[in-house]
Number of protein chains: 2
Amino acid sequence: MPLATNDVRRFADLDDTDRAILSELAADGRLPNNALAERVGVAPSTCLTRTRALRERGAIRGFHAEVDPAAVGLPLQALVSVRLTAHERAAVDAFRARSVRLPGVVAVFHVAGAEDYVLHVRAASADALRDFVLDHLAVDPAVQHTQTSLIFEQARGMG
Amino acid sequence: MPLATNDVRRFADLDDTDRAILSELAADGRLPNNALAERVGVAPSTCLTRTRALRERGAIRGFHAEVDPAAVGLPLQALVSVRLTAHERAAVDAFRARSVRLPGVVAVFHVAGAEDYVLHVRAASADALRDFVLDHLAVDPAVQHTQTSLIFEQARGMG
DNA sequence: CATGAAACGAACACGGT
DNA sequence: ACCGTGTTCGTTTCATG
């Protein structure tokens, strides 16, 4: 089946007000609607309509709390580069589907270049990180090679 | 001065209810307090107290809208590995402080291993991505080498 | 398509258990 | 500490320009 991933209309008709709303909500996802309306310079009800439209268009994918990894007992983070044995579509898609469900996986990047995937993972300890790689990746016949880089520090940009 | 980065009390006294709240809010940051209370099995006022405490403890760092990069005109994403020329603390910290303020930077990871930093960046086009690397990284005397890997697809895990 | 007013529902502070 | 209640405030809908 053909994949219609090119939704051009997405950012074709994006107002200045829309961009302002996205920017404000990216910075503070719990900003009340009336406060948001005042910041972007429209009436609250108008702002609500805009925000709902952005949600339904897919411009806003969702709202999430940013949780301190250490608070949930996962103080360690790592980037794990993964090279697959085969590169057909089925094998690649299957690996992505599997990896996103693994415990501790924050994000999965399918990348171009020498490596196929980069996994952003959290772990409770160095042992747990090692176990994660060995038990879930190294044993996977689809995985040819992995390289784990511990994250010393992470900082968020502004997009 | 010594750096007190080991705040053990952070997850020393974390209730089962607290963990449930964090999990729910990570999945849906706009979940109303009374609905959240029902899901975790406490009274709304209790739930509000818990949530506020988690915020002030730093367990919840903030709330953010997840915005589709394509919607804001930045359809391309990449992971840029950066190796620095010097590895003294001052140089490393300075680079992090600079890189998080660069336009299009989503996240900055200071990693162990062959590379020093991995930058998660967004760009409007291949040209814009090239310009970003050349204008902001290649010209930086603190940067020895970079390697850019285009992101084909990104998926979020469940933590 | 944006606006204002009116009904609805949630957030917040208090006193009680 | 947790819970129920009342007040305050934000959200949502509808009618209108």
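Letters A, B, ... mirror the listed sequences (proteins, then strands); counts begin at 1.
- The separation of C/dA7 from D/dG17, taken at their C1' atoms, amounts to 22 Å, rounded to a whole angstrom.
- Crowding of B/Arg39 atom CZ: a count of heavy atoms from other residues, nucleotides or ligands under 6.0 Å not exceeding 12.
- With hydrophobic clusters built from ILVMFWY side chains whose heavy atoms lie under 4.5 angstrom apart, A/Leu76 shares a cluster with A/Val80.
- Spacing between atom CZ of A/Arg30 and atom C1' of D/dG10 amounts to 13 Å, rounded to whole angstrom units.
- Checking side-chain atoms of B/His120 against main-chain N and O of B/Leu79 turns up no donor-acceptor pair under 3.5 Å.
- Of the possible donor and acceptor atoms, none in the side chain of A/Arg19 sits under 3.5 Å from a partner among the backbone N and O of B/Val72.
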Convert the base pairs of DNA chain D into dot-bracket notation, remembering that pairs crossing earlier ones are written with [ ] and that bases paired across to another strand are shown as |; include only Watson-Crick or G-U pairs under 3.5 Å. ||||||||||.|||||.
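- If you take CZ of A/Arg39 and P of D/dG10, they are 14 Å apart, rounded to a whole angstrom.
- Contact annotation for B/Arg50: backbone-only contact, meaning every heavy-atom pair under 4.0 Å involves sugar-phosphate atoms and none involves a base.
- Protein atom CG of B/Asn33 is 15 Å distant from nucleotide atom C1' of D/dC9, rounded to whole Å.
- Between A/Asn34 and D/dT11 there is a side-chain polar atom (N or O) within less than 4.0 angstrom of OP1 or OP2.
- Panel note: side chain A/Ser81, backbone A/Val118; no donor-acceptor pair is recorded below 3.5 Å.
- For D/dG4, the OP1/OP2 oxygens have no side-chain nitrogen or oxygen of B/Ser45 closer than 4.0 Å.
- Relative ring orientation between B/Tyr117 and B/His110 is described as parallel, the plane-to-plane angle staying below 30° on a 0-90° scale split at 30° and 60°.
- Shown here is A/Glu153, whose CD atom has more than 12 heavy atoms of other residues, nucleotides or ligands within 6.0 Å.
- D/dT12 atom C1' lies 8 Å from atom CZ of A/Arg52, rounded to whole Å.
- Note: B/Asp116 CG to B/Arg96 CZ = 13.5 Å, rounded to the nearest 0.5 Å.
- In this structure, CG of B/Asp18 is placed 13 Å from C1' of D/dA1, rounded to the nearest angstrom.
- Nucleotides of DNA chain C with any atom under 4.0 Å from a heavy atom of chain B span, from 5' to 3', C/dA10 to C/dC12.
- A donor-acceptor pair is defined here as one N or O able to donate and one able to accept, closer than 3.5 Å; no such pair exists between the side chain of A/Asn34 and the backbone of A/Pro44.
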